Q: 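Just dropping this structure here.
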Amino acid sequence: MRRIISVLLENEPGALSRVVGLFSQRNYNIETLTVAPTEDETLSRLTVTTTGSDKVIEQITKQLNKLIEVVKLVDLTEGAHIERELMLVKLKATGSQRAEIKRTVDIFRGQIVDVTSSVYTVQLAGDSEKLDGFIQAVGTAGVLEVVRSGVSGIARGEKVLSL
Amino acid sequence: MELLSGADMLIRSLQDEGIEYIYGYPGGAALHIYDALFRQDKVKHILVRHEQAAVHMADGYARATGKPGTVLVTSGPGATNTITGIATAFMDSIPMVVLCGQVASHLIGEDAFQETDMIGVSRPVVKHNLSVRHPEEIPEVIRKAYYIASTGRPGPVVVDIPKDMTTPNERYEYAYPKKVKLRSYNPAIRGHAGQIKKAVDMLLAARRPVIYAGGGVILGKASDQLTELVRLLGYPITNTLMGIGCYPASDKQHLGWLGMHGTYESNMAMHHSDLILAVGARFDDRVTNATEKFCPGARIIHIDIDPASISKTIDADVPIVGPVDAVLKEMLALVRESKEKPDSDALSSWWKQIEEWRAFHGMRYETNDDVIKPQEVIEMLCKLTNGDAFVATDVGQHQMFAAQYYKFDKPNRWINSGGLGTMGFGLPAAMGIKLTHPDDEVLCITGEGSIQMNIQELSTCKQYNLPVKIINLNNQALGMVKQWQDMNYESRHSQSYMESLPDFIKLAESYGHKGVRIEKKADLEAKLKEVLAMKDDLVFVDIYVDRFEHVYPMQVARGSMKDMWLSKTERV
Ligand SMILES: Cc1ncc(C[n+]2csc(CCOP(=O)(O)OP(=O)(O)O)c2C)c(N)n1
Ligand SMILES: [Mg+2]
């Protein structure tokens with residue numbers, strides 16, 4: 001099953017490589033990984049999406065917790081949560097394609113953030129499926145370049161992951 | 001406040017931490033530190049002949065005393081030479097701090113002379129590693145390193161120290177922190193009361209219980225509590241290779257150790273049990289055999305300080321995260337208070353069954369007058385040292401024979417590399433023990449393959465007068481490899497012969513030690529007595545043993561715990 005694990009990590013050099021190293025050492029799988037400092041600059045917030053059986057996920061969270069620099073973590077997929085990913089896409093846009101792409105971007109609530117005579121650069125945010133859906137809708141033939149941020153997530157409601 | 005250079009702060013921190021011995025080897029990046037070491041006499045430095053040995057020495061010391069060991073090496077090759085030692089300590093959860101020199105900060109990343117990213121290289125085999133970024137941090141970093149190494153599930157901690165952090169003429173205020181605060185590291189200090197209660201109820205209701213204890217009991221200094229609980233309940237106990245000594249081997253309730261080369265009765269009792277109380281053990285693959293066939297009728301209570309060890313390979317029905325001593329103490333109190341008592345009929349028929357298993361195999365081997373059996377050597381040593389020696393081993397058949405035939409009644413005396421299985425561990429580990437236990441008998445039981453992996457340490461033994469007894473069970477082969485080749489590769493002995501062996505006696509003598517060769521069975525007892533009487537000498541005892549012997553019992557690969565070879569021809 002796909003899981004989103006959200007981690008509060010000491011914002012120190014080397015901490016991130018410990019997390020990444022753990023995944024490869026123990027043969028766990030990383031699908032996406034995002035990391036940035038939080039409002040408290042001594043802490044980073046890291047979101048990793050991974051897949052595995054319940055047993056593997058349990059081991060992943062336990063092993064992550066063992067890392068000295070991991071302060072707290074939560075498996076967001078255990079409860080209601082919001083996940084978002086940002087995508088920047090360069091699309092071939094000439095002639096009648098231009099209107100067509102514009103329409104699709106509107107439907108997906110994206111924005112065209114840069115334009116040349118032959119290229120649109122589109123920005124789109126949403127869950128990963130929505131981003132996949134957009135690429136499918138415009139057709140891979142017209143896609144020149146895709147950059148995705150990886151998933152960030154947060155629990156719904158009152159629940160917070162903090163010190 | 002006192003002003004000290006980084007190097008002096010480092011050594012002062014070690015003093016304030018109560019460190020008596022460090023094992024190491026100097027080099028460029030560590031020279032400021034070595035100079036600071038020279039200008040004091042509280043912390044004693046042992047100069048090894050290879051950095052790997054320094055780590056095993058620190059490790060042997062830690063295993064025998066329960067206190068963290070300390071290593072000091074230079075950057076680059078000095079640091080990388082420690083890796084096998086660190087990995088060995090990591091696999092067996094041994095507390096240790098490894099101080100590594102590093103090139104100066106401004107050179108890091110430039111492929112400077114003797115630069116290695118030791119933080120990166122060591123990461124997968126340490127509990128944690130730390131680098132010093134400012135000299136003023138040194139006392140705090142050192143305090144943290146020892147705290148992390150020795151609390152919770154212990155393990156090795158590497159500290160990387162760039163040379164400019166120890167510059168002699170830059171001085172800073174020194175104060176050794178009394179406490180460490182780490183918001184992200186809080187090892188459990190007691191188990192969950194509800195879980196403990198549940199566990200005790202299950203224990204008392206069990207009909208075919210077995211207690212399965214591991215190295216965690218020794219590391220957690222909980223042998224007394226365990227022994228008390230086991231005796232109070234009257235239940236059978238087995239332990240892992242790492243747990244040897246956590247419960248007296250001479251006691252009737254002790255079934256011996258379990259797993260791949262464990263006793264028949266331990267493996268049978270485990271397989272047929274209805275309740276397993278696992279204490280500080282981690283259901284390692286050398287214990288469980290095929291996990292899907294593991295102990296089909298057993299419910300499992302698992303006590304461990306490390307939550308990640310619980311339900312990793314075998315699911316626990318009642319997990320208890322906490323220090324084993326504290327948890328066992330609570331269990332003891334509950335068992336005493338409880339109105340429920342173990343079902344004595346069920347227990348006596350369980351014991352009857354176990355006694356039958358014991359009688360069926362016990363530990364046995366064939367002897368004859370022509371050759372010395374390795375098992376006989378161990379039994380003789382056990383007899384001559386009253387089972388009271390510190391025994392450090394290398395890895396191979398000799399290690400298994402030592403574990404099987406030397407009977408340990410006390411913890412911290414059986415010293416081996418169980419998790420990583422590191423050949424070359426034995427001699428330096430024995431040295432680390434002898435240094436701090438000069439009046440105790442310290443044996444290094446080894447093979448002619450393993451001993452050659454750190455033989456250069458005979459020189460260190462001379463320098464520091466470490467009269468360990470090296471018992472070389474010389475079968476002229478990488479015996480354990482050969483055994484596997486006999487069993488699985490139709491005796492194709494690919495690269496498992498030890499040809500061109502040195503004359504170990506002359507070798508020992510050239511280092512200034514004594515050597516004794518034993519080739520005839522008739523000489524065994526008398527010569528071993530002679531050797532043990534040579535209190536002040538390191539004696540290299542080269543014993544020619546049966547070249548064809550195998551270690552049994554041996555679990556059948558991919559079988560259950562009860563599937564074993566009992567000899568070359570008997571399989572159950
Ligand atoms: C450093 C290292 N290399 C290889 C091995 C694999 N290995 C395990 S036992 C063994 C043979 C050991 O030979 P010896 O020390 O003579 O002991 P014996 O089995 O003959 O008693 C080998 C090569 C190991 N455990 N450690
Ligand atoms: Mg051998």
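In this text the structure is predicted, and so the values were computed from the model without any measurement. Chain letters run A, B, ... following the sequence lines, proteins first, then strands; residues in each count from 1.
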Q: Apply side-chain contact (heavy atoms from CB on, under 4.5 Å) to the pair B/Tyr176 and B/Ile142, showing each step before the final yes or no.
A: CA-CA 9 Å; B/Tyr176 198 61; B/Ile142 296 300; 3.9 Å; yes

Q: Under a 4.5 Å heavy-atom cut-off, does chain B meet the side chain of A/Glu69, its backbone, both or neither?
A: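 Both backbone and side chain.
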
Q: When you check the gap from the basic side-chain N to the acidic O, do B/Asp304 and B/Arg282 get nearer than 4.0 Å?
A: no

Q: Heavy-atom distances under 4.5 Å only: say whether B/Ser131 touches chain A with side chain, backbone, both or neither.
A: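 For B/Ser131, there is no contact with chain A at all, as no heavy atom is under 4.5 Å.
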
Q: Among residues 95-111 of chain B, which residues come closer than 4.5 Å to chain A, judged by heavy atom distances?
A: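 From residues 95-111 of chain B, none sit under 4.5 Å of chain A.
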
Q: How about B/His128 and B/Tyr185: are their ring centroids closer than 6.0 Å?
A: no

Q: Charged N to carboxylate O below 4.0 Å: is that the case for B/Asp315 and B/Arg299?
A: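 No.
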
Q: Decide, yes or no, whether a salt bridge links A/Arg103 with A/Glu100 under the criterion of side-chain N to carboxylate O below 4.0 Å.
A: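 Result for this pair is yes, salt bridge flagged.
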
Q: At a 4.5 Å cut-off on heavy atoms, which part of A/Leu163 comes close to chain B: side chain, backbone, both, or neither?
A: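 Side chain only.
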
Q: Using atom types as modelled and distance alone, determine if a side-chain donor or acceptor of B/Lys127 lies under 3.5 Å from a backbone N or O of B/Val158.
A: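 No: the side chain of B/Lys127 does not pair with the backbone of B/Val158.
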
Q: Within residues 15-51 of chain A, which residues come under 4.5 Å of chain B, heavy atom to heavy atom?
A: A/Ser17, A/Arg18, A/Gln25, A/Asp40, A/Thr42, A/Leu43

Q: Check each atom of B/Ile148 against the heavy atoms of chain A and say whether the ones under 4.5 Å are side chain, backbone, both or neither.
A: side chain

Q: Would you call B/Arg183-A/Glu10 a salt bridge at under 4.0 Å N-O?
A: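 Judged by the 4.0 Å cut-off on N to carboxylate O distance, B/Arg183 and A/Glu10 do form a salt bridge.
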
Q: Salt bridge or not for A/Glu58 and A/Lys62, using N-O below 4.0 Å?
A: yes

Q: Inspect the contact between A/Asp132 and A/Arg148 and indicate whether a charged nitrogen and a carboxylate oxygen are less than 4.0 angstrom apart.
A: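 Result for this pair is yes, salt bridge flagged.
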
Q: So which part of A/Glu12 gets closer than 4.5 Å to some heavy atom of chain B, the side chain, the backbone, both or neither?
A: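 Looking at A/Glu12, nothing touches chain B.
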
Q: Taking all non-hydrogen atoms of both residues into account, name the closest pair between B/Ala316 and B/His302 and its distance.
A: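 Scanning both residues, the minimum pair turns out to be CB-CB, 3.8 Å.
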
Q: Any chance you could lay out the side chain to side chain donor-acceptor pair (under 3.5 Å) test for A/Glu85 and A/Ser149, step after step, and finish with the verdict?
A: CA-CA 6 Å; A/Glu85 195 178 349; A/Ser149 64; 5.0 Å; no

Q: Check the pair A/Lys66 / B/Asp306 against salt bridge (charged side-chain N to carboxylate O under 4.0 Å, His left out), numbers first and verdict last.
A: CA-CA 8 Å; A/Lys66 260 172 81 172; B/Asp306 176 10; 2.7 Å; yes

